[in-house]
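Side chains are part of it too, since the values below use all heavy atoms of this structure and drop only hydrogens, waters and symmetry mates.
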Amino acid sequence: QVQLVDSGGGLVQAGDSLRLSCVASGRTFSMYAMGWFRQAPGKERESVAVISRSGASFYYTDSVKGRFTISRDNAKSTVYLQMKNLKPEDAAVYYCATPLSRSSADYTPHQAYEYAYWGQGTQVTVSS
């Protein structure tokens, strides 16, 4: 049974930083891509950042490029999302996720339907 436990959210001011973490269990972490998604009230869930299973390829949605960094520590079965210069529009519930199946080493799936397992979500609130 694959389980993802994400954490690290909180209430911050605009311009602050946060680091989200997601610990995975139940299968060989290093063999799968990992992604971070977010969902704000009244909006669809959107992909924020993805890291390939190789750790060498990345996807970022345009609005976070240059501010967010995704990374993974295979020894700890953990994926991180470092968020800097947070803006009020970044406020949302953030979810980590991983696909059902392995993909090519450098593939970065970034559509929600490509993911089968999800964390419980961690709230990020940004005050202006």
Q: Compare every heavy atom of Leu4 with every heavy atom of Ala24, then report the nearest pair and how far apart it is.
A: CB-CD2, 3.4 Å
Q: Just verifying a value: how many Å separate Phe68 CZ and Ser17 OG, rounded to the nearest 0.5 Å?
A: 9.5 Å
Q: So, taking the atom named CE in Met31 and the one named CZ in Arg53, what distance separates them when rounded to the nearest 0.5 Å?
A: 4.5 Å
Q: Are Gln3 and Ser25 side-chain neighbours, meaning at least one heavy-atom pair lies under 4.5 Å?
A: yes
Q: Could you check whether any side-chain N or O of Arg67 sits under 3.5 Å from a backbone N or O of Asn85, counting only pairs where one atom can act as donor and the other as acceptor?
A: yes
Q: Rounded to the nearest 0.5 Å, what separates atom CZ in Arg72 from atom NZ in Lys76?
A: 14.5 Å
Q: Under a 4.5 Å cut-off applied to non-hydrogen side-chain atoms, are Arg38 and Val64 in contact?
A: yes
Q: Is it true that the NZ or CZ of Arg45 lies under 6.0 Å from the centre of Phe37's six-membered ring and within 45 degrees of the ring axis?
A: no
Q: Considering only heavy atoms from C-beta outward, does the side chain of Thr98 approach that of Val79 to under 4.5 Å?
A: no
Q: CH2 of Trp36 to CG of Leu20: how many Å apart, nearest 0.5 Å?
A: 4.5 Å
Q: So how far is it from Leu81 CG to Thr69 OG1, rounded to the nearest 0.5 Å?
A: 8.0 Å
Q: With distance as the sole test, does Gln120 use its side chain to make a donor-acceptor pair with the main-chain N or O of Asp6 at under 3.5 Å?
A: yes
Q: Name all pairs fulfilling the disulfide bond (SG atoms under 2.5 Å apart) condition that reach into residues 43-128, sequence neighbours left out, sorted by first residue then second.
A: Cys22-Cys96
Q: Can you see which heavy atom on Ala91 is nearest to which on Ala40, and at what distance?
A: O-CB, 3.7 Å
Q: Should the ring pair Tyr115 and Trp118 be called parallel, tilted or perpendicular, given that the plane angle runs from 0 to 90° and is split at 30 and 60?
A: tilted
Q: Examine the side chains of Asp73 and Thr78 and answer whether a donor and an acceptor come within less than 3.5 Å of each other.
A: no
Q: Whether Asp62 and Lys65 form a salt bridge (side-chain N of Lys/Arg under 4.0 Å from carboxylate O of Asp/Glu) is what I want to check.
A: yes
Q: Does any part of the side chain of Met34, heavy atoms only, come nearer than 4.5 Å to the side chain of Phe29, both counted from C-beta?
A: yes
Q: How far apart are the closest heavy atoms of Pro109 and Pro99, and which atoms are they?
A: CG-CG, 4.0 Å
Q: Are Tyr32 and Leu100 close enough that some pair of their side-chain heavy atoms sits under 4.5 Å apart?
A: no
Q: Is Tyr95 reachable from Val126 through a run of I, L, V, M, F, W or Y residues, each pair having side-chain heavy atoms under 4.5 Å apart?
A: no
Q: Please find the pair of heavy atoms, one from Ser54 and one from Ser57, that lie closest to each other, and give the distance.
A: OG-N, 4.2 Å
Q: Linking I/L/V/M/F/W/Y whenever any side-chain heavy atoms sit under 4.5 Å apart, do Val48 and Leu18 land together?
A: yes
Q: Rounded to the nearest 0.5 Å, what separation is found between the CG atom of Asp90 and the OG1 atom of Thr125?
A: 11.5 Å
Q: Would you say Tyr94 ends up clustered with Phe58 if hydrophobic residues are merged whenever their side chains have heavy atoms under 4.5 Å apart, either directly or through other cluster members?
A: yes
Q: Just by modelled atom types, is the Ile70 backbone N or O under 3.5 Å from a matching donor or acceptor in the Tyr60 side chain?
A: yes
Q: State whether the number of non-hydrogen atoms from other residues, nucleotides or ligands found under 6.0 Å of Gln111 atom CD is greater than 12.
A: yes
Q: How about Met83 and Val12: do any of their side-chain heavy atoms sit closer than 4.5 Å?
A: no
